[in-house]
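Shown next, in structure tokens, is the structure this report addresses.
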Amino acid sequence: MLSDPPDVVALARGLLGARLTVRGAGGLIIETEAYARDDPASHSYRGPTPRNRAMFGPAGHAYIYRIYGLHLCLNVVGRPGEAVLIRAIWPDTGLEAMRARRPTGALCAGPGRLAQALGLQLGDDGRAFGEADFTLTLPDQPPGAVLVGPRIGIRLAADRPWRFGLAGVEGLSRPFPTPPRV
DNA sequence: CTTACGATTCCCT
DNA sequence: GGGAATCGTAAGC
């Protein structure tokens, strides 16, 4: 999978509706963000470092990092220096284990929340998707309507509309901007 | 409903 | 030593 990955913005859209599971827990990806190589908001912007080295490794692997000293965030690596942040999934598998890890609040709406619900560890950084306990399966058919908006929580390049979500689903991390009304 | 803030780790300047 | 791709809680409107 992803041996000839598309550009990271297309990859971010293409991952909507994909099935993600980690050690028997997971669901369908409903919200993503693209981070490009030449992108001031991307961890890869200044080149490889110990933290971001998975971003320069093989496509289809995980890039996992700690954010704000507290939470973990999961990305799918695209071409070198590109990654897609998984911001929300619709959880449907291993619900009991996920709820045990997150006893209260939204299970998987938000990158830190879903990382906690899936039981991801910093040790999973760089892992290849495609093993039995670490799967990523692209959707059979393209998703329906896709919401587009600016990426969340960044300072630089905040105007790039590289956040994508499935329309009409519950469990997005935050609402998308209301489209202009005609 | 919205906004504000503290928690806490680690990488980079 | 600064600051970060966040979350939960609290307070204000």
Side-chain angles (χ1 to χ4, degrees), chain A residues 5 7-16 18 20 22 25 27 29-57 59-91 98-127 129 136 146-166 170-178:
Chain A
D7 78 83
V8 72
V9 175
L11 178 61
R13 298 186 74 121
L15 285 173
L16 293 176
L20 169 70
V22 175
I29 295 174
I30 59 173
E31 184 183 341
T32 61
E33 282 178 2
Y35 287 86
R37 175 68 182 83
D38 179 20
D39 176 359
S42 174
H43 290 176
S44 62
Y45 187 58
R46 293 164 198 262
T49 68
R51 176 177 67 156
N52 69 18
R53 80 184 185 291
M55 278 189 86
F56 292 90
H61 287 222
Y63 166 47
I64 298 172
Y65 63 92
R66 186 177 300 283
I67 185 67
Y68 295 113
L70 295 174
H71 312 287
L72 298 180
C73 291
L74 168 68
N75 298 253
V76 176
V77 176
R79 301 180 303 194
E82 299 179 343
V84 174
L85 174 67
I86 310 302
R87 287 195 55 91
I89 70 176
W90 178 256
M98 288 194 274
R99 188 46 90 188
R101 287 185 283 256
R102 282 189 53 78
T104 62
L107 262 192
C108 293
R113 291 171 176 144
L114 85 85
Q116 185 185 17
L118 294 177
L120 287 167
Q121 312 286 141
L122 221 38
D124 293 316
D125 181 39
R127 272 196 76 177
F129 286 104
L136 179 62
V146 171
L147 304 169
V148 181
R151 296 174 290 180
I152 304 291
I154 59 169
R155 207 169 48 86
L156 302 171
D159 56 331
R160 301 190 188 189
W162 286 356
R163 174 182 177 226
F164 303 100
L166 289 183
E170 212 166 323
L172 298 176
S173 66
R174 297 178 48 171
F176 277 74
T178 311

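Numbered from 1 within each chain, the chains take letters A, B, ... in sequence-line order.
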Task: Atom-to-atom span, CG of Leu156(A) to C1' of dG3(C) - whole angstrom - done: 12 Å
- [ ] Quick one: the dot-bracket string of DNA chain C, using Watson-Crick and G-U wobble pairs with both distances under 3.5 Å, [ ] for crossing pairs and | for bases paired to another strand.
- [x] ||||.|||||||.
Task: Arg174(A), CZ: over 12 other non-hydrogen atoms inside 6.0 angstrom - done: no
Open item on the list: In the structure I gave you, are the side-chain heavy atoms of Leu20(A) and Val76(A) within less than 4.5 Å of one another anywhere?
Closed with: no
- [ ] Measure from the side-chain N and O atoms of Arg113(A) to the backbone N and O of Ala117(A), and report whether any donor-acceptor pair falls under 3.5 Å.
- [x] no
- [ ] May I have all residue pairs that pass salt bridge (Lys or Arg N to Asp or Glu O under 4.0 Å) and include part of residues 147-156 of chain A, sequence neighbours excluded?
- [x] Asp39(A)-Arg151(A)
- [ ] Rounded to the nearest 0.5 Å, what's the gap from CD1 on Ile64(A) to CG on Asn75(A)? Could you check?
- [x] 8.5 Å
Open item on the list: The criterion is side chain to side chain donor-acceptor pair (under 3.5 Å); which residues satisfy it with Ser44(A), sequence neighbours excluded?
Closed with: Ser42(A)
Task: Which residues share a side chain to side chain donor-acceptor pair (under 3.5 Å) with His71(A), sequence neighbours left out - done: none
- [ ] State whether the side chain of His61(A) and the backbone N or O of Gly126(A) hold a donor-acceptor pair below 3.5 Å, judged by distance alone.
- [x] yes
What does the list of N/O pairs under 3.5 Å between the protein and nucleotides 10-13 of chain C look like, with a distance for each?
none

Identify each atom pair where a protein N or O and an N or O of nucleotides 4-8 of chain C are less than 3.5 Å apart, giving names and distance.
{"unit_1": "dA4(C)", "atom_1": "OP1", "unit_2": "Arg155(A)", "atom_2": "NE", "d": "3.2"}
{"unit_1": "dA5(C)", "atom_1": "OP1", "unit_2": "His43(A)", "atom_2": "NE2", "d": "3.4"}
{"unit_1": "dA5(C)", "atom_1": "N9", "unit_2": "Tyr65(A)", "atom_2": "OH", "d": "3.3"}
{"unit_1": "dA5(C)", "atom_1": "N7", "unit_2": "Ala41(A)", "atom_2": "O", "d": "3.3"}
{"unit_1": "dA5(C)", "atom_1": "N7", "unit_2": "His43(A)", "atom_2": "NE2", "d": "3.2"}
{"unit_1": "dA5(C)", "atom_1": "N6", "unit_2": "His43(A)", "atom_2": "N", "d": "3.4"}
{"unit_1": "dA5(C)", "atom_1": "N1", "unit_2": "Asn75(A)", "atom_2": "OD1", "d": "2.6"}
{"unit_1": "dA5(C)", "atom_1": "N3", "unit_2": "Tyr65(A)", "atom_2": "OH", "d": "2.6"}
{"unit_1": "dT6(C)", "atom_1": "OP1", "unit_2": "Arg87(A)", "atom_2": "NH1", "d": "3.2"}
{"unit_1": "dT6(C)", "atom_1": "O2", "unit_2": "His71(A)", "atom_2": "NE2", "d": "2.8"}
{"unit_1": "dC7(C)", "atom_1": "OP1", "unit_2": "Pro111(A)", "atom_2": "N", "d": "3.3"}
{"unit_1": "dC7(C)", "atom_1": "OP1", "unit_2": "Gly112(A)", "atom_2": "N", "d": "3.1"}
{"unit_1": "dC7(C)", "atom_1": "OP1", "unit_2": "Arg113(A)", "atom_2": "N", "d": "3.3"}
{"unit_1": "dC7(C)", "atom_1": "O4'", "unit_2": "His71(A)", "atom_2": "NE2", "d": "2.9"}
{"unit_1": "dG8(C)", "atom_1": "OP1", "unit_2": "Arg102(A)", "atom_2": "NH1", "d": "2.8"}
{"unit_1": "dG8(C)", "atom_1": "OP1", "unit_2": "Arg102(A)", "atom_2": "NH2", "d": "2.7"}
{"unit_1": "dG8(C)", "atom_1": "OP2", "unit_2": "Arg113(A)", "atom_2": "NE", "d": "2.5"}
{"unit_1": "dG8(C)", "atom_1": "OP2", "unit_2": "Arg113(A)", "atom_2": "NH2", "d": "2.6"}

TODO: Please check if atom CZ in Arg99(A) has more than 12 non-hydrogen atoms from other residues, nucleotides or ligands closer than 6.0 Å.
DONE: yes
TODO: Please confirm whether the backbone N or O of Ile152(A) pairs with a side-chain atom of Glu33(A), one donor and one acceptor, at under 3.5 Å?
DONE: yes
